[in-house]
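Below you'll find the structure, written out as structure tokens, and then a few comments.
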Amino acid sequence: MTKKPVLAWTTGVAALGVGLALTVVGGTAASAAVPTCHGKAATIVGTGAADEIEGTSGADVIVGLGGDDEIDGNGGDDTICGGTGHDEIDGGSGADWIDGGAGKDELEGGTGDDRLYGGTSNDHLEGEAGRDKLWGQDGHDLLEGGRDTDALSGGRGTDLVAQGSVSPAVEDRWEHTYGNDD
């Protein structure tokens, strides 16, 4: 009989702060493969359901997996992959690398020189502060660079691209047309 791993969330207080970890109990090393994001082993992993995931003040590698996740990278130079579902991801401070994955995602870089990748659906990407690079990829995307000079590419689909930001009325019209709503 093959043992299936049991997944359990644990919290811990370290000298540098509070952290979340996903622990594998009763499994083998082979059955406990760690998800990756942009070629890096995940330090924080969501579930197949809708999760609220908080990063730390350091450099995290966060993988949301499935569900409509809310992910906040907080501080540090984070690497975040939303996965499937309609995710809301905020990189926070630091130079973040964010991939929304499949689904209608809302991505915010925060402060720092961020890299945002929309994915396969209608995504809303906001660079905010910093010299950011935004790629909408497939779908009908809304890209807003923010305050600094940014590189913006909508990809395939009918995209709305602004070096700064669009007005609330324009954003509402895009959300109504393409099914995104914050």
Side-chain angles (χ1 to χ4, degrees), residues 4-10 19-25 27 30-56 59-74 76-92 94-110 114-128 132-144 152-161 171 174-182:
K4 291 187 178 180
V6 177
L7 302 177
W9 284 104
T10 61
L20 272 177
L22 182 66
T23 305
V24 179
V25 182
S31 67
V34 176
T36 61
C37 178
H38 194 55
K40 300 176 184 177
T43 58
I44 301 173
V45 181
T47 67
D51 299 308
E52 288 189 23
I53 300 172
E54 290 286 327
T56 68
D60 302 307
V61 180
I62 302 173
V63 177
L65 297 178
D68 298 346
D69 301 318
E70 291 184 28
I71 301 172
D72 190 343
N74 289 315
D77 298 342
D78 301 313
T79 303
I80 305 172
C81 289
T84 59
H86 307 307
D87 302 315
E88 293 181 26
I89 302 174
D90 184 349
D96 304 309
W97 188 98
I98 302 172
D99 184 344
K104 296 177 182 177
D105 303 311
E106 295 180 34
L107 311 179
E108 296 179 10
D114 304 305
R115 307 292 177 262
L116 280 62
Y117 299 85
T120 59
S121 196
N122 304 332
D123 303 304
H124 184 180
L125 286 66
E126 296 179 72
E128 297 184 341
D132 307 306
K133 294 184 179 180
L134 283 60
W135 292 271
Q137 299 181 333
D138 293 345
H140 307 295
D141 305 308
L142 171 56
L143 281 66
E144 298 177 88
L152 310 170
S153 174
R156 289 185 286 218
T158 303
D159 303 303
L160 180 55
V161 178
E171 183 176 334
W174 179 85
E175 288 174 348
H176 176 74
T177 302
Y178 295 112
N180 291 39
D181 190 16
D182 58 1

*Spell out, as yes or no, whether a donor-acceptor pair under 3.5 Å connects the side chain of N74 to the backbone of G55.*
yes
*Any luck finding a side-chain donor-acceptor pair between K40 and T79 under 3.5 Å?*
yes
*Is the backbone of D68 close enough, under 3.5 Å, to the side chain of H86 for a donor and an acceptor to pair up by distance?*
no
_Non-hydrogen atoms of E126 and L116 that approach each other most closely_ = O-CD2, 3.6 Å
*Does E171 reach the side chain of L142, with side-chain heavy atoms less than 4.5 Å apart?*
yes
*Once you round to the nearest 0.5 Å, how far does CG of D123 lie from CD of Q137?*
8.5 Å
_Considering all heavy atoms, the nearest G109-I98 contact_ = CA-CD1, 4.5 Å
*Would you please name every residue forming a side-chain hydrogen bond (donor to acceptor under 3.5 Å, both in side chains) with D99, sequence neighbours left out?*
none
*What is the distance from atom OG1 of T120 to atom CG of D105, rounded to the nearest 0.5 Å?*
8.0 Å
*Please confirm whether the backbone N or O of A95 pairs with a side-chain atom of D77, one donor and one acceptor, at under 3.5 Å?*
yes
*Can you name the closest pair of heavy atoms from D78 and D96 and give their distance?*
N-OD1, 2.8 Å
*From CG (L160) to CG (D141), nearest 0.5 Å*: 10.0 Å
*asked:* Using the side-chain hydrogen bond (donor to acceptor under 3.5 Å, both in side chains) criterion, which residues pair with D159? Sequence neighbours excluded.
replied: none
*asked:* For A41, give me all partners under side chain to side chain contact (heavy atoms under 4.5 Å, CB included), at least two apart in sequence or on another chain.
replied: V34
*Taking all atoms of both residues into account, what is the closest heavy-atom pair of V45 and L65, and its distance?*
CG1-CD1, 3.6 Å
*H140/W174 aromatic ring centres below 6.0 Å*: no
*Supply the atom-to-atom distance E70 CD to I89 CD1, rounded to the nearest 0.5 angstrom.*
11.0 Å
*Look at the aromatic rings of H38 and W97 and report parallel, tilted or perpendicular, splitting at 30° and 60°.*
parallel
_Using only atom types and a distance under 3.5 Å, with no angle test, would you say the side chain of D114 pairs donor to acceptor with the backbone of D132?_
no
*Note, I62 side chain near I53 side chain (heavy atom, < 4.5 Å)*: yes
*Taking atom types as modelled, find out whether H124 and E108 have a side-chain donor-acceptor pair closer than 3.5 angstrom.*
no
*Closest non-hydrogen atom pair between S121 and G103, with its separation*: CB-O, 3.2 Å
*Pairwise distance CG(D72) to CD(E88) - rounded to 0.5 angstrom*: 11.0 Å
*Give a yes or no on whether the backbone of Y178 and the side-chain of N122 come within a donor-acceptor separation of less than 3.5 Å.*
yes
*Could you pull out the closest heavy-atom pair between V61 and C37, with the gap in Å?*
CG1-CB, 3.9 Å
*Taking the side chain as every heavy atom from C-beta outward, state whether L125 and Y117 have any pair of such atoms under 4.5 Å apart.*
no
*How long is the gap from CG on L134 to CD on E144, to the nearest 0.5 Å?*
9.5 Å
